[in-house]
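Predicted model, so just to flag it, every value in this text is computed and none were measured. All residue numbers refer to positions in the sequence shown, counting from 1. Just so you know, these numbers use all the heavy atoms, side chains as well, and skip hydrogens, waters and symmetry mates. Atoms within each ligand, like the ligands themselves, are counted from 1 in listed order.
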Amino acid sequence: MQLVTGTLLHCLPKSPVQLEHSPETTLLIDDHGRIEAKGSLADLQKQHPKAPVIDYKDRLLVPGFLDTHIHFPQMDMIGAMAPSLLPWLEKYTFPTEMGFRGRSDLMLKAAHQFVDELLANGTTLACVYSSSNHDVTDLLFEVFAQRGLRGIIGKTSMNRHAPAPLLVPLADDISQQKALLQRWHGFDQRLALALTPRFAPSCTPDLMHALGELHAEYPDTYIQTHYAENVGELLWIKELFPEARDYLEVYESFQLLGPRTILAHGIHVEEDAMQRLAQTQTIISHCPTSNLFLGSGLFAWRKMEEHGVPIVLGTDVGAGTSFSLWQTMNEAYKVAALRGTPLQPVDLLAAATWKAAQALGLTDVGSLEVGYQADFQVINIRARPLLERRVKSASSAAEVLAALIHLADDRCVESVWVNGKQLRSS
Ligand code: GUN
Ligand code: ZN
């Protein structure tokens with residue numbers, strides 16, 4: 001048992017989602033890392049006189065972020081400038097990913113640095129694409145297990161349209177997926193495997209079919225891929241799959257859609273496809289810093305939402321330019337504003353926390369209510385004097401949150417807890 005005190009800022013787990021700003025509140029965290037009770041320090045201390053107290057005075061406690069789309073190898077190529085997605089993949093991405101193979105000190109160091117960076121930014125769960133190499137993916141799982149953060153991790157499947165060292169033949173890929181599944185899927189409550197066809201152009205139909213079958217055999221695995229990010233990509237899909245009525249039908253036809261599937265981007269999407277996304281409760285991971293960096297387009301958040309598609313947020317490093325979900329919310333706001341449909345601060349926080357957890361089927365993650373996992377970041381607004389000044393002039397909880405969305409970053413993340421354990425302190 002432990003008692004942690006601070007000012008809570010989080011989404012109450014109800015629909016419509018509601019923001020709670022609760023000054024000087026104490027969480028009682030049980031030995032399983034769950035929030036058992038909430039209240040005043042004096043009352044909780046009376047009931048649990050032996051529990052140690054951690055007092056985050058003048059700090060905000062915000063749920064840990066869920067980054068629902070990020071590429072491990074691509075942290076080495078953030079800011080690699082190219083005219084658009086396909087030349088960016090050819091010129092920078094594939095050569096970088098070729099270097100992410102095998103078990104070595106270099107790869108171990110990279111995996112630890114990746115985790116350091118996630119934690120430094122307040123991320124407590126990440127949906128990660130590793131490279132197409134089995135051994136480095138295995139090592140990444142190992143580092144996540146050791147460091148204690150939550151990971152939905154996949155070895156990127158690709159067997160065509162990339163340099164030979166990245167391609168893994170179908171039979172090898174499936175047996176490597178099965179090895180990762182046996183070793184890591186549900187290894188502890190924090191880790192899961194995501195089957196990860198890179199995107200339809202990188203996988204032959206029989207590979208996508210085999211991944212769809214593997215998912216049907218193990219329905220609690222996740223699926224993650226890219227979808228409708230770029231107009232050049234859409235034209236290529238038409239060439240490669242002339243029989244499909246649209247891009248979504250390609251994934252549909254291999255049984256790759258459903259509530260455990262996370263499709264990154266979903267920018268160039270007709271209303272009919274939005275309806276099918278909603279019907280299957282397929283999740284869209286919106287990655288605004290990436291979409292702006294590659295000039296991919298402006299995501300139609302409100303329209304997707306009206307259709308009932310679950311929307312979550314991703315950094316998409318390295319097309320994305322920041323590990324910070326604060327920065328990602330900031331850019332998501334501007335993308336929506338450019339479309340003439342601005343968002344509320346609570347919409348953004350929910351997509352980075354509670355709604356993301358809900359979408360992923362994690363019913364006890366993403367909020368600081370009783371019964372939820374003690375996964376949170378400790379925010380010190382004084383780390384940025386401008387932020388402190390702006391928060392002081394805010395007149396509502398929503399305004400405080402808006403100030404954080406537009407001004408907070410890793411400088412403000414003082415400490416991070418997952419499952420009742422402090423994983424990072426600055
Ligand atoms: N489409 C296929 N692969 C990728 C990738 O690595 N990044 C992005 N942004 N889009 C992709
Ligand atoms: Zn991506």
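- In terms of protein heavy-atom proximity, atom 7 (N) of ligand 1 is closest to Trp88 CZ3, 3.4 Å.
- Within a 6.0 Å sphere centred on CG of Leu106, heavy atoms belonging to other residues, nucleotides or ligands number 12 at most.
- Atoms of ligand 1 found under 4.0 Å from any heavy atom of Asp316 (numbered from 1 in listed order, with element): 8 (C), 9 (N).
- Atoms CG and CG, on Asn330 and Leu348 in that order, are 9.5 Å from each other to the nearest 0.5 Å.
- Residue-environment remark: CD (Glu270) stays at or below the threshold of 12 foreign heavy atoms within 6.0 Å.
- Here the two rings, on His161 and Phe199, have centers that are 6.0 Å apart or farther.
- For atom 10 (N) of ligand 1, the nearest protein heavy atom (residue, atom name, distance) is Glu229 OE1, 2.7 Å.
- At a 4.0 Å heavy-atom cut-off, ligand 1 does not touch Tyr92 at all.
- Counting the atoms of ligand 1 from 1 in the order shown, those under 4.0 Å from a heavy atom of His71 are 5 (C), 6 (O), 7 (N).
- Of the N and O atoms on the side chains of Ser290 and Asp316, at least one donor lies less than 3.5 Å from an acceptor on the other residue.
- Checked options Ile54, Leu423, Leu27; the residue passing with Trp417 is Ile54 (criterion: side-chain contact (heavy atoms from CB on, under 4.5 Å)).
- Contact annotation: for Glu233 versus ligand 1, there are no heavy atoms closer than 4.0 Å.
- Not one N or O of Glu97 is nearer than 3.5 Å to an N or O of ligand 1, by distance alone.
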Side-chain polar contacts of residues 111-118 - donor-acceptor pairs under 3.5 angstrom, sequence neighbours left out - could you list them?
| unit_1 | atom_1 | unit_2 | atom_2 | d |
| --- | --- | --- | --- | --- |
| His112 | ND1 | Arg147 | NH1 | 3.0 |
| Asp116 | OD1 | Arg147 | NH1 | 3.1 |
| Asp116 | OD1 | Arg147 | NH2 | 2.6 |

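- With ligand atoms numbered from 1 in the order given, ligand 1 contributes 9 (N) to contacts under 4.0 Å with heavy atoms of His265.
- The aromatic rings of His286 and Phe299 lie parallel to each other, their planes meeting at an angle below 30°, with 60° marking the opposite boundary.
- Donor-acceptor pairing under 3.5 Å is lacking for the side chains of Asp67 and Thr123.
- Of the protein's non-hydrogen atoms, Arg198 NE, 2.8 Å is the one closest to atom 3 (N) of ligand 1.
- Note that the CG atom of Leu66 and the CG atom of Leu325 stand 8.0 Å from one another [nearest 0.5 Å].
- Near-neighbour remark for the Zn ion (ligand 2): protein N, O or S atoms under 2.8 Å are His69 NE2, His71 NE2, His226 NE2, Asp316 OD1; waters not counted.
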